[in-house]
Amino acid sequence: MSRKLLEQKEWEYYLYEDNDTIELSVPIARPNPGFDVIHILDGPEKEKYLQTGITALENRIADMKVNFYDYKMNSWR
């Protein structure tokens, strides 16, 4: 199975499903050159997201924007 976009809010977050995992990607412009901050949802996060939607991930998204060095980061370059 290939990676499938589940949900997005441009420049806020993107949610992808790949096989049985859900990946949350949050774009940040700083530090330069800009990065996508990546988090794979764990079991409880995935279940809560599937039950209640994006509101279940609001705290995670906020944390990813502030503590981005604690997550996997993919450079835009």
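Here, residue 1 is the first one in the sequence, and each next residue gets the next number.
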* To do: For residues 32-45, pull every pair meeting salt bridge (charged side-chain N to carboxylate O under 4.0 Å, His left out), keeping only residues two or more places apart or in separate chains.
  => E45-R60
* Asked: What residues form a side chain to side chain contact (heavy atoms under 4.5 Å, CB included) with E10, not counting sequence neighbours?
  -> Q8, Y14
* Structure fact -> Nearest heavy-atom approach of D18 to S2 is OD1-C, 4.0 Å
* Shortest non-hydrogen contact from A56 toward T52 -> CB-OG1, 3.2 Å
* Structure fact -> Residues passing the salt bridge (Lys or Arg N to Asp or Glu O under 4.0 Å) test with E12, sequence neighbours excluded, are K65
* Other than L57, what residues sit in its cluster of Ile, Leu, Val, Met, Phe, Trp and Tyr side chains whose heavy atoms are under 4.5 Å apart, directly or through others? -> L6, Y13, L15, I22, L24, V26, I28, F35, V37, L41, Y49, L50, I54, I61, M64, F68, Y69, Y71, M73
* To do: Would you give the length of the straight line joining atom CZ of R3 to atom CD of E17, rounded to the nearest 0.5 angstrom?
  => 12.0 Å
* If you look only at pairs with a residue in residues 66-77, which of them pass as a salt bridge (charged side-chain N to carboxylate O under 4.0 Å, His left out), with sequence neighbours excluded? -> none
* **Heavy-atom neighbours of N59 CG exceed 12 at 6.0 Å** => no
* To do: Mind checking salt bridge (Lys or Arg N to Asp or Glu O under 4.0 Å) for K48 and listing every partner two or more places apart, or none if nothing turns up?
  => none
